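The structure presented is a predicted model; accordingly, all values stated were derived computationally and were not measured. Read the numbers this way: they start at 1 and go in the same order the structure lists the ligands and their atoms. These values consider heavy atoms only, across backbone and side chains, with no hydrogens, waters or symmetry-generated copies.
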Amino acid sequence: MTDRRAHITGTGMYVPERVVTNEDLTKLMDTSDEWIQQRSGIRERRHVEPGEETPADLALHASRRALEDAGLGPGDIDCIVLATLSAQADFPGTSFFLHERLGVGDIPCMDLRAQCCGFLYSLQMADSLVRTGVYGRVLVVGCEVHSTGIELATRGRDVAVLFGDGAGAVVVEASDGAPKGSEILEIRLHAEGRHAKKLWVEYPNSCFPGRLTHELLDAGAIYPKMEGRFVFKHAVTRMPEVLLETLNAASVKLEDVDLFLFHQANLRINEFVAKSLEIPPEKVFNNIERYGNCSAASIPMLLAEATRQGRLAKGQLVAMTAFGSGFTWASGLVRW
Ligand code: COA
């Protein structure tokens with residue numbers, strides 16, 4: 001075995017300009033700023049201008065910023081792994097449209113589907129590809145346009161108020177010997193498919209001829225369905241579990257972690273997790289108040305903001321933990 005390790009050498013994020021406040025949503029559905037803030041901590045989120053901005057546009061801006069941060073150009077990367085649950089097209093997904101926009105020659109690209117854990121799943125894949133020498137540099141992107149796929153009406157309010165649009169990206173590079181950036185120390189992933197239907201979009205569905213009917217469309221079957229309390233309960237159990245498993249595997253104590261980045265599904269989930277592990281609130285960085293739940297994009301967006309706001313300094317330990325549809329849960333530890 002060589003001493004080849006994988007490092008994060010650049011981060012970037014991008015959100016659409018259009019701010020949608022809780023107050024704005026009250027004009028579309030029966031809800032209130034108080035209900036949304038109390039249950040989720042969200043004050044506002046970003047939505048694309050429909051028809052004007054695509055998922056690949058968001059991913060492009062975030063990717064360019066991550067590449068610039070790494071001191072690289074699009075021609076320097078060997079592979080793109082893009083995590084999303086809101087693909088630009090059913091197939092080929094989103095990564096191919098990003099591939100075209102970035103102008104990267106004929107390197108491989110792929111969409112990875114692990115919902116809100118998609119970034120950490122992709123990061124483990126990039127880490128493995130880089131450490132085994134398959135590729136030297138992998139661009140990992142999390143990108144979501146939720147606003148065009150939620151029901152912005154009272155019928156869909158339980159889900160619609162929670163989600164926002166955004167993208168985040170990191171560059172993962174190999175180093176032999178001397179550290180090059182922020183070293184990926186450990187990533188642990190899990191899934192439990194028996195709960196797949198607790199948070200999912202049922203239609204269009206390839207089990208059925210035609211995949212969709214007018215009746216299903218009218219019934220709102222194309223919108224996400226979620227058993228909120230069931231998801232909440234599992235999230236607050238699985239997140240501490242996988243975080244401790246990851247730290248244990250890396251022989252790192254909880255108190256030695258400098259910054260915790262939790263998936264941004266609900267501020268209450270994150271407060272619950274931090275409290276159960278006795279993590280001081282000042283060690284947790286959140287941005288859900290401003291962006292809502294951006295699924296696969298949430299953690300790379302946090303990474304990009306935390307570094308730019310000086311919350312994450314060189315040499316510090318950052319732990320990232322997520323839970324999402326599938327169910328999936330995952331955690332990663334990086335020496336920044
Ligand atoms: N505005 C106002 N009222 C709303 C509402 C909204 N946007 N959405 C739902 N309600 C109503 C419900 O209809 C219900 O009314 P009822 O009591 O008259 O039936 C009431 O509020 C309570 O709904 P409930 O779903 O029980 O609320 P909750 O306390 O469980 O909170 C969530 C809802 C979604 C905030 C919470 O369950 C949650 O965060 N779950 C996890 C979500 C998550 O993490 N998802 C993504 C994972 S990646």
Side-chain angles (χ1 to χ4, degrees), residues 20-45 47 83-86 113-121 142-144 146-147 149-166 168 189-193 195-201 220 223-240 242-243 261-275 286-289 291-302 320-331:
V20 178
T21 63
N22 293 345
E23 208 50 47
D24 293 333
L25 292 180
T26 64
K27 290 167 196 136
L28 302 170
M29 62 187 79
D30 180 11
T31 190
S32 67
D33 177 46
E34 192 196 358
W35 193 97
I36 300 170
Q37 286 214 42
Q38 214 172 58
R39 306 288 168 124
S40 70
I42 300 167
R43 291 200 310 263
E44 59 188 43
R45 72 286 294 139
H47 284 181
T84 189
L85 68 76
S86 52
R113 303 183 59 150
Q115 299 63 251
C116 297
C117 289
F119 174 74
L120 289 173
Y121 268 64
C143 172
E144 306 289 359
H146 284 310
S147 59
I150 47 178
E151 189 170 28
L152 291 163
T154 300
R155 188 173 62 175
R157 66 181 179 175
D158 58 329
V159 172
V161 300
L162 302 175
F163 289 96
D165 302 341
L189 312 178
H190 292 282
E192 197 173 22
H195 296 316
K197 295 182 181 178
K198 299 292 184 187
L199 173 53
W200 73 320
V201 176
Y223 297 116
K225 297 282 176 297
M226 172 175 74
E227 284 186 34
R229 291 193 174 195
F230 189 88
V231 174
F232 194 104
K233 262 193 249 160
H234 281 254
V236 296
T237 311
R238 293 307 198 181
M239 287 171 70
V242 70
L243 171 57
L261 303 180
F262 296 126
H263 172 54
Q264 304 291 289
N266 184 330
L267 198 59
R268 308 297 160 236
I269 291 178
N270 295 354
E271 287 168 351
F272 200 100
V273 171
K275 202 164 170 208
N286 292 300
N287 59 17
I288 189 171
E289 318 84 82
Y291 304 130
N293 182 352
C294 297
S295 298
S298 285
I299 288 187
M301 284 167 60
L302 283 172
M320 304 167 277
T321 306
F323 180 89
S325 157
F327 287 158
T328 49
W329 59 105
S331 193

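To the nearest 0.5 Å, atoms OG (S40) and CZ (F163) are separated by 11.0 Å.
Environment of CZ in R113: sparse, with no more than 12 heavy atoms of neighbouring residues, nucleotides or ligands closer than 6.0 Å. The neighbour count for F232 CZ, taken as heavy atoms of other residues, nucleotides or ligands under 6.0 Å away, is above 12.
Results of the side-chain hydrogen bond (donor to acceptor under 3.5 Å, both in side chains) test with N293 over H263, H146, Q264 single out H263 as the only residue that passes.
A donor atom on one side chain and an acceptor atom on the other are found under 3.5 Å apart for E144 and T84.
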Do any nitrogen or oxygen atoms of ligand 1 lie under 3.5 Å from a protein nitrogen or oxygen, and which ones?
from: ligand 1; atom 1: 1 (N); to: T31; atom 2: OG1; distance (Å): 2.7
from: ligand 1; atom 1: 3 (N); to: W35; atom 2: NE1; distance (Å): 3.4
from: ligand 1; atom 1: 7 (N); to: T31; atom 2: OG1; distance (Å): 3.3
from: ligand 1; atom 1: 7 (N); to: R157; atom 2: O; distance (Å): 3.2
from: ligand 1; atom 1: 13 (O); to: R157; atom 2: NH2; distance (Å): 3.1
from: ligand 1; atom 1: 21 (O); to: W35; atom 2: NE1; distance (Å): 3.3
from: ligand 1; atom 1: 26 (O); to: R229; atom 2: NE; distance (Å): 3.0
from: ligand 1; atom 1: 26 (O); to: R229; atom 2: NH2; distance (Å): 3.1
from: ligand 1; atom 1: 27 (O); to: R39; atom 2: NH1; distance (Å): 3.1
from: ligand 1; atom 1: 29 (O); to: R39; atom 2: NH1; distance (Å): 2.6
from: ligand 1; atom 1: 29 (O); to: R229; atom 2: NH2; distance (Å): 3.4
from: ligand 1; atom 1: 30 (O); to: R229; atom 2: NE; distance (Å): 3.0
from: ligand 1; atom 1: 37 (O); to: G228; atom 2: O; distance (Å): 3.3
from: ligand 1; atom 1: 39 (O); to: N266; atom 2: ND2; distance (Å): 2.5
from: ligand 1; atom 1: 40 (N); to: G228; atom 2: O; distance (Å): 2.9

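Using a 30° and 60° split on the angle between ring planes, F327 and H195 fall in the tilted class, from 30° to 60°.
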